[in-house]
Q: 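I am attaching a structure below and will ask some questions about it afterwards.
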Amino acid sequence: MQTIFEAIKKIAFEIDNAIKTADLGYANEENASGEEQLKLDVLSDQIIEKNFASVPEVISLVSEEKEGELELHTAGSYIVCYDPLDGSSLVDVNLSVGSIFGIYQGILDAQNLVASAYIVYGPRIELVIAMKGTKPMLYRATGDHFRAIGEITLNEKGKLNAPGGTQQNWPSHHKAFIDSLFAEGYRLRYSGGMVPDLHQILLKGGGLFSYPGTTDKPHGKLRQLFEVIPFAFMYEQAGGQAINDKGERLMNLVPSHHHDTSPCFFGSNYEIEALKKAYGVK
Ligand code: F6P
C-alpha cells in the first residue's frame with residue numbers, strides 16, 4: 001500500500017503544477033456522468049493513470065472521467081477508484097479543488113474499501129490518508145515533499161454547516177433541518193468543492209456536509225465509488241458518522257455501476273443524530 005501512497009504524493013505535485021499552468025478550457029468531451037470535461041480534468045486523469053501504471057500493486061483503475069475499468073497489473077492486490085479533479089469548475093475562479101482516491105480489495109463495494117486519501121489544492125497542497133484502525137493523518141507539502149502534521153479527530157459537535165444542492169429542489173424536511181442548524185448558531189461554509197468543504201469540517205472539529213436527494217437528482221449527485229465511500233471512511237475513522245437519507249451507513253453501500261450516486265451526509269455525531277431525527281430514520 002505504501003507504494004500507492006507514494007504515487008499519490010507524486011500525483012499531488014504534478015496536478016498542482018497542471019492547475020497552475022495548464023489551459024483552463026473545455027475538452028469538448030463529456031465524462032461518464034454526462035458532465036462537460038475540462039482539459040484539466042483530462043490532464044489530471046492522465047497524470048494519475050501514468051503514475052499508477054508503474055505501481056505493480058494496482059490491479060486496475062476506475063476513474064470518474066472514464067467509462068470502464070482500466071486494467072494495469074493482473075498480479076496486483078488493489079483497485080484504485082478516483083476522482084482526478086473534483087470541483088474542477090472552480091479553478092477558473094481560483095478556489096480550492098481536490099483529488100479523491102478509494103483503494104479497494106476485491107469486489108467494488110464499501111466494505112471492501114481498505115484505505116482512502118484526498119489531496120487539497122489550495123493556497124498549500126495538503127494530503128489526508130485514512131487506513132483501517134487509525135485516525136486519518138494530515139500531511140502538508142513543503143518544498144518537494146510531504147510532512148506529517150498530525151491525526152484528525154472530529155469533536156462530538158461542530159459549528160459548520162455545508163448544505164449542497166439547489167435549495168428549491170430540497171425535500172421540505174431537509175430544508176427545515178438545515179434551517180434549524182442555522183437557528184442553533186451554525187455558520188454557513190460552502191464553496192461548492194466537496195474536497196475543501198469536507199476538509200474544512202474535518203480540520204475545524206466538526207459540523208455537517210449534506211448532499212440530499214433532490215427533485216432534480218433523487219439519488220443525489222455525488223458518486224459512490226470515488227467521492228461518497230472514500231469520505232465516509234475518512235469521517236468514520238475521524239470519529240464521526242456518514243449516512244444516507246435512510247439512516248444507513250454509507251460504508252454499507254453496494255454500487256451497481258461505477259458511476260452510481262447516493263444522497264450523503266457526513267458529520268460529527270451530534271449533527272448526524274439530529275439529522276436522523278429530522279428525517280425520521282434510525
Ligand atoms: O461532484 C462535483 C461537485 O463539484 C462537488 O465537489 C461538490 O460538492 C458538488 O459537486 C457541488 O454541487 P452543487 O453545486 O449542486 O451544490
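Both counts, for ligands and for their atoms, begin at 1 and track the order of listing.
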Q: Taking the six-membered ring of Tyr139, is the NZ or CZ of Lys9 close enough (under 6.0 Å from the centre) and on axis enough (within 45°)?
A: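 Yes, Lys9 lies over the aromatic ring of Tyr139.
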Q: Looking only at protein heavy atoms, identify the closest one to atom 1 (O) of ligand 1 and say how far it is in Å.
A: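 Looking only at protein heavy atoms, the one closest to atom 1 (O) of ligand 1 is Glu227 OE2, 3.0 Å.
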Q: Under 3.5 Å, side chain of Asn244 to main-chain N/O of Gly247, donor-acceptor pair present?
A: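 The answer is yes, because a donor-acceptor pair under 3.5 Å joins these two groups.
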Q: Taking only heavy atoms of Gly193 into account, list the atoms of ligand 1 that are under 4.0 Å away from them.
A: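 Near Gly193, meaning under 4.0 Å from one of its heavy atoms, ligand 1 has 6 (O).
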Q: Ser116: what forms a side chain to side chain donor-acceptor pair (under 3.5 Å) with it, not counting sequence neighbours?
A: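 Once residues adjacent in sequence are excluded, Ser116 has no partner under the side chain to side chain donor-acceptor pair (under 3.5 Å) criterion.
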Q: Less than 3.5 Å between some nitrogen or oxygen of Glu64 and one of ligand 1, yes or no?
A: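 Not met; the criterion fails.
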Q: Which atoms of ligand 1 have any heavy atom of Arg223 under 4.0 Å away?
A: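 Per the distance check, 1 (O).
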Q: Can you report which non-hydrogen protein atom sits closest to atom 4 (O) of ligand 1, along with the distance?
A: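 Checked against all protein heavy atoms, atom 4 (O) of ligand 1 sits closest to Gly192 O, 3.4 Å.
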Q: For ligand 1, which atoms sit closer than 4.0 Å to a heavy atom of Asp86?
A: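 Atoms satisfying the 4.0 Å criterion: 1 (O), 2 (C), 5 (C), 6 (O).
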Q: Report the nearest protein non-hydrogen atom to atom 15 (O) of ligand 1: residue, atom name, distance rounded to 0.1 Å.
A: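 Going by distance alone, atom 15 (O) of ligand 1 is nearest to Tyr211 OH, 2.6 Å.
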Q: Whether Glu271 and Lys157 form a salt bridge (side-chain N of Lys/Arg under 4.0 Å from carboxylate O of Asp/Glu) is what I want to check.
A: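 Not counted as a salt bridge, because no side-chain N and carboxylate O are separated by less than 4.0 Å.
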Q: Identify, with sequence neighbours excluded, every residue that meets salt bridge (charged side-chain N to carboxylate O under 4.0 Å, His left out) alongside Lys221.
A: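 Per chain and number, Lys221 pairs via salt bridge (charged side-chain N to carboxylate O under 4.0 Å, His left out) with no residue.
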Q: With respect to Arg223, which candidate in Glu64, His257, His259, His258 satisfies the side chain to side chain donor-acceptor pair (under 3.5 Å) definition?
A: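 Among Glu64, His257, His259, His258, the one that satisfies the side chain to side chain donor-acceptor pair (under 3.5 Å) with Arg223 is Glu64.
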Q: For the backbone of Gly192 and the side chain of Asp197, can you confirm whether one donor and one acceptor N or O come within less than 3.5 Å of each other?
A: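 Here the side-chain-to-backbone pair exists.
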Q: For a side chain to side chain contact (heavy atoms under 4.5 Å, CB included) with Pro84, tell me which candidate from Asp45, Ile11, Ile47, Ile100 qualifies.
A: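 Only one of Asp45, Ile11, Ile47, Ile100 forms a side chain to side chain contact (heavy atoms under 4.5 Å, CB included) with Pro84, namely Asp45.
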Q: Between Leu222 and ligand 1, which part of the residue brings a heavy atom under 4.0 Å of the ligand: side chain, backbone, both or neither?
A: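 Under 4.0 Å from ligand 1, Leu222 contributes side-chain atoms alone.
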Q: Is the shortest N/O to N/O distance between Phe209 and ligand 1 below 3.5 Å?
A: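 No, since none of the N or O atoms of Phe209 sits under 3.5 Å from an N or O of ligand 1.
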Q: Looking only at distances, please establish whether an N/O atom of ligand 1 is found under 3.5 Å from an N/O atom of Tyr190.
A: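 Yes.
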Q: Any nitrogen or oxygen of Gly165 lying under 3.5 Å from a nitrogen or oxygen in ligand 1? Just yes or no.
A: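 N/O-N/O distance below 3.5 Å exists for this pair.
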Q: How far is atom 12 (O) of ligand 1 from its nearest protein heavy atom, and which residue and atom name does that atom have?
A: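 It is Lys221 NZ, 3.1 Å.
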